[in-house]
Amino acid sequence: MESPGHLASSMVAMLDTTRRDQTTVSEDKMKNPGVMVTGFPGFIAGRLMKDLLTSQEVQHHYYFVVLTPFIQKAGEQCAGLESQFPEFKDSWTILEGDIRRRDLGIDAETLKPIRKKIVRLWHLAAVYDLSVPLPFAYGVNVDGTQHVLDFCETLPNFERLLYISTCYVAGKRSGMCYENELDCAQDFKNHYESTKFWAEKLVQHRWDKIPTVIFRPAIVVGDSETGETIKGDGPYVIFQLLMRLPSWLPMVNVGTSKATVNVVPVDFLTKAMATISNQEGALGKVFQLADPNPLQASDIIGLVVEAMDRAPVIGSVPSRWMEALLSVKPIERLVGIQRQAITYFNHPISYDVQNTMEALDGTGVRCPPLVSYLPTLIEYSRRNPNIFMKVQ
């Protein structure tokens, strides 16, 4: 198998082969139980790896299914993990693949020796864009999940699938949404929500054949201690708008903004997933990784303008006016806010977290209140304006 870092695809040999002298995979390490990961080197998957390596009781060999354009970045991230976790050296393999294809698009000869090694699979790969077209969203989120499930059934020593869904499979439902609920004949606000719903339906339909733990995150923001992130959606749209406007110009709420907006920092999310993933009692359950005490949209906006030392909020405009305004593409690009994001400020929905709270009881892993780390997110955004999502 080729260097650097024992990459499985021959095309990767062009990467920095002098970076270190690992030209072969240690036979002893390859005998370790295998864990496959999709969605790497994405932000959440990268952060999750640090928590898995910190908490693992058994040494694993990690197999990353990576799309061709991201192979070099994946290798660089793995090299960074090696520097932080020496035990990770020789314990990873990058597999060039695509979840939209049978066997995850991985070459058959490459798969032969590793099928019986894989005992776990983390499925994080998905399309998260609120404005994503249906064919693309369906191909990745639904067909991709179908292929992951089919692949799991071919693994003779498989123990569990860790599937990352989203709280927003609840779609347009209102009120309290419980962890043991999924299909309530709901409609959806966009193709992201609907395709993640259909994907989770596939996963739950095969629970009897494939041992599975389902995680449903709320809106994921940056690290609560450092603010680090690579994506600028969710509450970041407020930061972005205010950074574009003169400081003396008052802010307004969109609609009543009385609905809660549930956000969780990425460090809580990945620590919670890593912790729960090892629990025997987690199999066959859904865990909504949401803030148990979310703030209303109007309160969040008030905290943001205060933290940014801006003029206070003076009133509100009807949400339909804002949605109509942002439906004009040049205005949407100028403001930097997706029209599809507006509805989340006035959608009255809450997420039950009983399973999550019980699983994390006594572990020390807790979701911090947004008010405690919001200034950190804002400050990171000031220093890194490149994180903001570009509206096409």
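Bear in mind the structure is a predicted one, so any value in this text is a computation, not a measurement. Numbers here simply count residues along the sequence, with the first being 1.
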Could you check Arg206 against Gln146 for side chain to side chain contact (heavy atoms under 4.5 Å, CB included), going step by step and ending with a plain yes or no?
CA-CA 10 Å; Arg206 293 166 77 168; Gln146 180 74 61; 2.7 Å; yes

Check for me whether the distance between the ring centres of Tyr63 and Phe40 falls short of 6.0 Å.
no

Mind listing the side-chain donor-acceptor pairs of residues 213-223 below 3.5 Å, one per line with the distance, residues two or more places apart or on another chain?
unit_1 : atom_1 : unit_2 : atom_2 : d
Arg216 : NE     : Glu200 : OE1    : 3.1
Arg216 : NE     : Glu200 : OE2    : 3.2
Arg216 : NH1    : Glu181 : O      : 3.2
Arg216 : NH1    : Gln288 : OE1    : 2.8
Arg216 : NH2    : Glu181 : O      : 2.9
Arg216 : NH2    : Glu200 : OE2    : 2.7
Asp223 : OD1    : Glu225 : N      : 2.7
Asp223 : OD1    : Thr226 : N      : 3.0
Asp223 : OD2    : Arg47  : NH1    : 3.2
Asp223 : OD2    : Arg47  : NH2    : 2.6

Taking Phe88 as the starting point, is it possible to reach Ile94 by hopping between hydrophobic residues whose side chains are less than 4.5 Å apart?
yes

Please check if the side chain of Gln186 supplies one atom and the backbone of Val169 the other of a donor-acceptor pair under 3.5 Å.
yes

Does Arg102 come within less than 4.0 Å of Asp150, counting only side-chain N to carboxylate O?
no

Take atom CD of Glu306 as the centre, draw a 6.0 Å sphere, and report whether it contains more than 12 heavy atoms from other residues, nucleotides or ligands.
no

I'd like to know if the side chain of His123 and the backbone of Tyr163 have a donor-acceptor N/O pair within less than 3.5 Å.
no

Heavy-atom neighbours of Asp309 CG exceed 12 at 6.0 Å:
no

Is there a side-chain contact between Phe197 and Asp183 in this structure, where contact means two heavy atoms from C-beta onward sitting under 4.5 Å apart?
yes

Nearest 0.5 angstrom please: Glu358 CD to Lys285 NZ, how far?
6.5 Å

Answer yes or no: are there more than 12 heavy-atom neighbours, outside Phe85 itself, under 6.0 Å from its atom CZ?
yes

When you measure from the side chain of Thr212 to the backbone of Ile210, do you find a donor-acceptor pair of N or O atoms at a distance under 3.5 Å?
yes

Can you tell me how the ring of Tyr351 sits relative to the ring of Tyr168, calling it parallel under 30°, perpendicular over 60° and tilted otherwise?
perpendicular

Are Lys73 and Glu76 close enough for a salt bridge, meaning some N to O gap below 4.0 Å?
no

Would you kindly confirm whether Leu124 and Leu53 end up in one hydrophobic cluster when ILVMFWY residues are joined by side chain heavy atoms under 4.5 Å apart?
yes

Is the shortest heavy-atom distance from the side chain of Cys184 to the side chain of Arg173 under 4.5 Å?
yes

Can you tell if the side chain of Val35 reaches within under 4.5 Å of the side chain of Met49, non-hydrogen atoms only?
no

Phe43 atom CZ, neighbour heavy-atom count above 12 within 6.0 Å
yes

Are Met308 and Leu303 joined in one hydrophobic group, where the rule is that I, L, V, M, F, W and Y side chains link up if heavy atoms are under 4.5 Å apart?
yes

Does the distance from a Lys or Arg side-chain N to an Asp or Glu carboxylate O, for Asp291 and Arg366, drop under 4.0 Å?
no

Quick check: is Trp207 connected to Phe158 through a chain of hydrophobic side chains (ILVMFWY, heavy atoms under 4.5 Å apart)?
yes

